[in-house]
Protein chains: 2
Amino acid sequence: MVPFVNAVRMTMSTGTTGRAQPAAAPPMAERHLRVDAQRNRVRILEAATELMATHGIDVPIDEIAQRAQVGVGTVYRNFPTKDALFEALLMARIEPLVTAARSAAHSDDPGDAFVTFVRRLCNEFADFKALADAMAASGVDLSVAKHEISGDLIAAVSSLLLRAQQAGRIRPDVTITDVSAMMAGLSHTDPLFMDPPQRQRCVALVCDSLLVGARSLLPQGEMAASSPEHGRR
Amino acid sequence: MVPFVNAVRMTMSTGTTGRAQPAAAPPMAERHLRVDAQRNRVRILEAATELMATHGIDVPIDEIAQRAQVGVGTVYRNFPTKDALFEALLMARIEPLVTAARSAAHSDDPGDAFVTFVRRLCNEFADFKALADAMAASGVDLSVAKHEISGDLIAAVSSLLLRAQQAGRIRPDVTITDVSAMMAGLSHTDPLFMDPPQRQRCVALVCDSLLVGARSLLPQGEMAASSPEHGRR
DNA sequence: GTAGAATCGGAGCGTAGCCTCCGGTTATGA
DNA sequence: TCATAACCGGAGGCTACGCTCCGATTCTAC
């Protein structure tokens, strides 16, 4: 299946805010890099972001290096592992989401906040496929959260869900596992086949099934009696 | 992403009922195989079925050959390509589903029939991971149905859906694309992390969102205020 | 300007997986 | 029983990808 992060080894800063880890005598800690090294690091991060947004985790390192106009060696000097690079990008993406989920949990209307957040999450998946890969690979497995950060995300969503349930807006019998599974599933569907409107529809459907009250989230107007042409070459 | 079937080339029979294709002078058509060849073919099919059920499409050919107590050459003599082997297994799995969907479309209660069928589909995914892989890889892309057979399946589900909608049981604004996307998503979540009860819950939730009337599909009894322990190592 | 440390970059190693090739083996029909 | 067509099987070719290694290059402190 989708190859994925196995360990979180890293040297130097990951270019992401917070979460420094001065553990076990870092080989070459926050020593300030030579200007060329700095420039290359930025380039790598940019290239990786662009490529992983489109192609997900599966983009080869060589391609990233090429796009960054850098040798593979340089990539590996900055990120000891492809996974580490992936992790760095992921953290940068997930952290704002965690923050958003946490503040949403304190919203006046947790129900709306929940739905809004779920929508945002799905859009994020579409904008950055690697995130969807990560979610699909580990998002469902709550007990073995592979990434500390995605554990944070799940914890945050979990309490958001709880609040929304306490507010009587989300069905009380829905679990965070349910939500994660649905999100993971939704996130996995290829953006190529899932244009923004279609994605919105699916998110709306999922939310419909979670909400206690009315089911009005699906945009009205388009009547759709089973798509007109399908397959058959 | 998941490597997948690109073309449907095949020699000889695929071991599946129907659908013979006597096109372009088959190199060695239905000539009756030597007994050892026949035995090996059966073994390969069995081994592949077992392994692909658990590991999906990603199981190496060598492993299949080993399990079948046969050389890789023998595998490739029977199925010119890994994809062809995969396709053969897939057809055997999907065909009954197509039949079921078609007859369900003529049920007295298309609404129930639809829900029942969707449930069956999901169980099938769990029992045979390769099917889920196939669904996740091509199920969402209705216009370019990679497999003729999965095109059949989608067509069948499509008309089942239409009937259920005409009967007023399924929301009229739901499309076959919606259904496929949800199914594909659900099917993708790893069986390891998605035990049968959890899967049932998710299917129920999805169905809830599709049905016009009440929402009672989720089994009652278990109150679940956001799973107790999650992640955080 | 220069020494030398830091960095670069890409050839190439190792692994994995799909598939081919062909010498050896075996079933089959006369 | 024997000739031979059919079949077996696994060594190895090929490709792709992650990652390492080390000579060449570039920056920086003096």
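Each chain gets a letter, A, B and so on, in the order its sequence line appears, and its residues count up from 1.
- We find that CG of A/N78 is positioned 17 Å from C1' of D/dG18, with the value rounded to whole Å.
- For A/V35, taking side-chain heavy atoms from C-beta onward, the closest of the listed nucleotides C/dG10, D/dG18, D/dT28 is D/dT28.
- Side-chain proximity of B/V70 to the nucleotides C/dC18, D/dT20, D/dG9 is greatest for D/dG9.
- If you check D/dG9, C/dC18, D/dT20 against the side chain of A/Y76, the one that comes closest is D/dT20.
- Contact annotation: B/N40 does not reach the phosphate of D/dC7 (side-chain N/O to OP1 or OP2, under 4.0 Å).
- When distances run from any side-chain atom of A/D36 to the nucleotides C/dC8, C/dA11, D/dG10, the shortest one goes to C/dC8.
- For the pair B/D62 CG and D/dA11 P, the computed distance is 11 Å after rounding to whole Å.
- The distance between atom CD of A/Q66 and atom P of D/dC17, rounded to the nearest whole Å, is 12 Å.
- With D/dT20, D/dC7, D/dC27 as the candidates, the nucleotide lying closest to the side chain of A/R34 is D/dC27.
- Taking only side-chain atoms of B/A37, from C-beta outward, the nucleotide of C/dC18, D/dC7, D/dT26 with the closest atom is D/dC7.
- Phosphate proximity of D/dG18 to A/T81: absent, as no side-chain N or O sits under 4.0 Å from OP1 or OP2.
- Rounded to whole Å, the distance from CD1 on B/I64 to C1' on D/dG9 is 16 Å.
- A donor and an acceptor atom, one from each side chain of B/N40 and B/Q69, are nowhere located under 3.5 Å apart.
- Annotation: side-chain contact (heavy atoms from CB on, under 4.5 Å) contacts of A/A65 (sequence neighbours excluded): A/V72, A/V75.
- Closest to the side chain of A/T74, from the set C/dC8, C/dC19, D/dC7, is C/dC8.
- Atom CD of A/Q66 is surrounded by 12 or fewer heavy atoms from other residues, nucleotides or ligands within 6.0 Å.
- Look at CG on A/L85: it is 10 Å from P on D/dC19, rounded to the nearest Å.
- Counting only heavy atoms from C-beta outward, the side chains of B/E50 and B/R67 approach each other to under 4.5 Å.
- Each of C/dC19, C/dT7, D/dT20 was ranked by its minimum atom distance to the side chain of A/R77; first place goes to C/dT7.
- Rounded to whole angstrom, the span from the CZ atom of A/R39 across to the P atom of D/dT25 amounts to 17 Å.
- Comparing B/P60 and A/Q38 by the nucleotide of DNA chain C whose heavy atom lies nearest to each, the residue mapping closer to the 5' end is A/Q38.
- Rounded to whole Å, the distance from CZ on B/R43 to P on D/dC7 is 16 Å.
- The distance from atom CG of B/D83 to atom C1' of C/dG17 is 13 Å, rounded to the nearest whole Å.
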After noting the C-alpha distance and the side-chain angles of A/V118 and A/V157, does the key distance pass the side chain to side chain contact (heavy atoms under 4.5 Å, CB included) rule? CA-CA 9 Å; A/V118 163; A/V157 176; over 6 Å; no
